[in-house]
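A short write-up of the structure that comes next.
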Amino acid sequence: MTAPLLPPAALRERVLAAARRESEPDHQGGRNRVAVLLRGFVVAGAIAFAAGIHGTEAKTPRPLGCTLSLELLWLSLAVVATWAGVDRGRSMLGRPRVWRIIVAAVTPAALLAAWLPVAFAWPQTLADTSGLRAHLICIAMTMALAAGPLVAFARLRRRSDPVSPRLTGAALGAAAGAWGDAAHVMICGYTAPAHIVVGHILPVVLLTLVGLVIGDRVVALHGQESPRGVRARRS
Amino acid sequence: MGPERGTSPRVGPRAEVDVAMERYAAGDEAAFAAVYDALAPRLYGYLLRQTRNRARAEDLVQQTMLNIHRARFQFIPGAEVIPWAFAISRRLLIDGHRHGKLEQFAEDGAVERVPSGGASADGLLQARELAARIEQVLATVSPSQRAAFELLKYEGLSLTDAAEVLGTTKAAVKLRAHRAYEALRGALGEAAGDFEAPER
């Protein structure tokens with residue numbers, strides 16, 4: 001055991017004075033966190049509404065039960081991914097690393113797995129023919145629908161992770177992607193396997209990769225110089 | 001002060017610093033002084049050992065405390081402050097290394113691991129030699145093993161807290177610390193017998 005190495009008394013005064021000088025942050029507490037989330041989801045909802053008015057490109061309409069089942073399953077996955085990957089739980093450092101790895105790595109696979117029972121329950125929906133154009137539209141739509149939640153999640157977790165921000169970012173991306181898919185399933189009329197994989201699962205993978213970058217740029221807590229004039233000096 | 005070495009606040013009463021941080025997050029401005037008083041000595045000791053430079057250690061303590069201050073409204077009631085504070089310090093330290101701000105060795109001879117209590121001159125000399133020897137051995141182990149060992153043995157963090165700070169599992173921290181300990185025991189023999197990894 002070693003004797004404690006005590007900081008100089010002057011440092012205490014400097015830190016307390018610097019904290020007093022710093023202005024209040026522009027967002028406070030839980031109410032603002034809810035507002036940030038709401039804004040993100042309202043944007044996604046508006047995009048979904050606009051796309052819904054435009055209507056689906058699919059020529060054969062899906063049974064309502066098929067759409068609602070898939071919606072329910074993907075919505076549940078989005079909620080779980082958000083809870084496990086975005087919410088910090090009871091720790092300021094976020095949920096355990098392994099949870100975030102699971103969210104980032106498993107969410108796309110889980111979305112695909114959740115679609116399988118729906119496809120088997122309504123096998124006629126497997127036969128629709130969607131081309132490259134439909135795939136590309138759905139990639140763009142899913143990413144557009146996920147953009148609102150992703151921005152909201154990134155704002156909530158901004159400069160909050162000093163340990164593994166890229167991983168947190170990837171989890172945010174995957175969770176946002178799941179929300180994008182959950183919104184998009186109400187609009188897209190195609191359910192062919194190739195379309196589900198390319199048009200709906202691939203964007204979630206892409207958003208997870210985008211999340212890696214966001215993690216590094218936005219979520220990471222990086223060092224910055226102390227405010228001018230309060231930088232510690234050799235005592 | 002924080003919890004006793006090796007104890008887990010998760011199973012005991014809440015640490016004073018956690019309660020103070022909650023008060024601060026709730027808007028009690030005066031509570032920041034209590035948060036500082038509880039955290040700063042531990043952070044300063046850790047950072048001084050890592051940087052071997054008093055001015056840099058002070059700067060990093062200041063930055064860590066200001067980061068905590070800025071994030072006060074995001075503080076989660078019931079969360080623990082100590083692993084969070086150590087994780088911030090460690091991140092700032094690593095960023096400092098990356099930006100080449102850190103001197104490799106102290107120009108002011110700042111850090112010596114001095115034994116506590118009233119040691120005799122012989123004892124003091126012996127302890128200093130042992131500390132220097134430990135330092136040499138720790139320089140040969142991997143950075144992750146060294147970090148795990150230091151957080152557990154020097155900073156007195158629990159396995160759970162050290163795992164949070166390092167972003168890994170308790171088992172991994174224990175294994176890393178054990179390997180560092182084995183290296184120490186191989187080099188120092190019986191003198192290293194004091195270092196055992198905590199169970200929690």
Side-chain angles (χ1 to χ4, degrees), chain A residues 1-8 10-33 87-94 96-98 100 156-165 167-168 220-227 230-235, chain B residues 5 25 29 32-33 36-37 40-45 48-49 54-63 65-67 69-76 78-81 83-84 87-96 99 108 111 113-117 131 154 163-169 194:
Chain A
M1 187 70 184
T2 54
L5 299 157
L6 295 173
L11 179 62
R12 185 179 193 273
E13 298 313 312
R14 278 203 300 273
V15 170
L16 296 184
R20 274 194 298 272
R21 267 197 297 273
E22 286 217 351
S23 58
E24 292 289 303
D26 57 359
H27 55 287
Q28 292 189 13
R31 197 186 303 168
N32 202 276
R33 282 195 286 276
D87 184 57
R88 285 194 279 191
R90 294 290 299 272
S91 168
M92 286 303 290
L93 296 173
R97 189 184 167 92
V98 68
R100 284 172 283 155
L156 283 184
R157 296 300 306 269
R158 187 168 48 144
R159 289 180 54 79
S160 71
D161 193 334
V163 181
S164 47
L167 190 55
T168 302
L221 190 152
H222 287 302
Q224 61 179 45
E225 288 302 311
S226 304
V230 294
R231 187 184 166 89
R233 286 172 291 276
R234 188 185 305 276
S235 53
Chain B
R5 183 184 205 176
E29 295 292 318
F32 189 54
Y36 177 91
D37 291 339
R42 294 185 73 169
L43 294 177
Y44 183 68
L48 195 51
R49 273 188 280 273
R54 285 188 195 280
R56 187 71 190 136
E58 287 175 29
D59 195 24
L60 289 170
V61 168
Q62 180 167 326
Q63 286 188 48
M65 294 307 301
L66 288 178
N67 270 298
H69 159 75
R70 288 176 198 127
R72 64 196 181 281
F73 294 121
Q74 279 81 50
F75 186 73
I76 300 164
E80 289 184 47
V81 176
W84 179 42
I88 294 172
S89 286
R90 189 163 182 270
R91 170 53 50 199
L92 298 173
L93 191 65
I94 290 169
D95 284 353
H99 293 104
D108 59 357
V111 186
R113 293 195 177 95
V114 182
S116 54
Y154 293 154
E164 272 203 84
V165 172
L166 298 174
T168 186
T169 61
D194 186 36

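Every chain is numbered from 1 and lettered A, B, ... according to where its sequence line falls, protein lines coming before strand lines.
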What I'd like to find out is whether the side chain of A:L16 reaches to under 4.5 Å of the side chain of B:M65, using heavy atoms alone. no
Measure distances from A:P96 to the heavy atoms of chain B and classify the residue's part below 4.5 Å as side chain, backbone, both or neither. neither
Under-4.0 Å salt bridge between A:R14 and B:E58: yes
Side chain, backbone, both or neither of B:I94 within contact of chain A (heavy atoms, under 4.5 Å): neither
dist B:N67:CG -> A:L221:CG (nearest 0.5 Å) comes out at 4.5 Å
Could you report the tightest heavy-atom contact between B:Y36 and A:P8, atom names first, then the distance? OH-O, 4.4 Å
Considering non-hydrogen atoms only, spot the tightest contact between A:V163 and B:G167 and give its length. CG1-CA, 3.2 Å
Nearest heavy-atom contact between B:A87 and A:L93 is CB-CD2, 3.7 Å
Name all residues meeting the side-chain contact (heavy atoms from CB on, under 4.5 Å) criterion together with B:A25; count only those two or more places apart in sequence or in a different chain, and write none if there are none. B:F75
Counting only non-hydrogen atoms closer than 4.5 Å, does A:R90 touch chain B with its backbone (N, CA, C, O), its side chain (CB onward), both, or neither? both
side-chain hydrogen bond (donor to acceptor under 3.5 Å, both in side chains) filter on A:R100, not counting sequence neighbours, yields A:D161, A:S164, A:T168
Under 3.5 Å side-chain donor-acceptor pair for A:S91 and B:E80: no
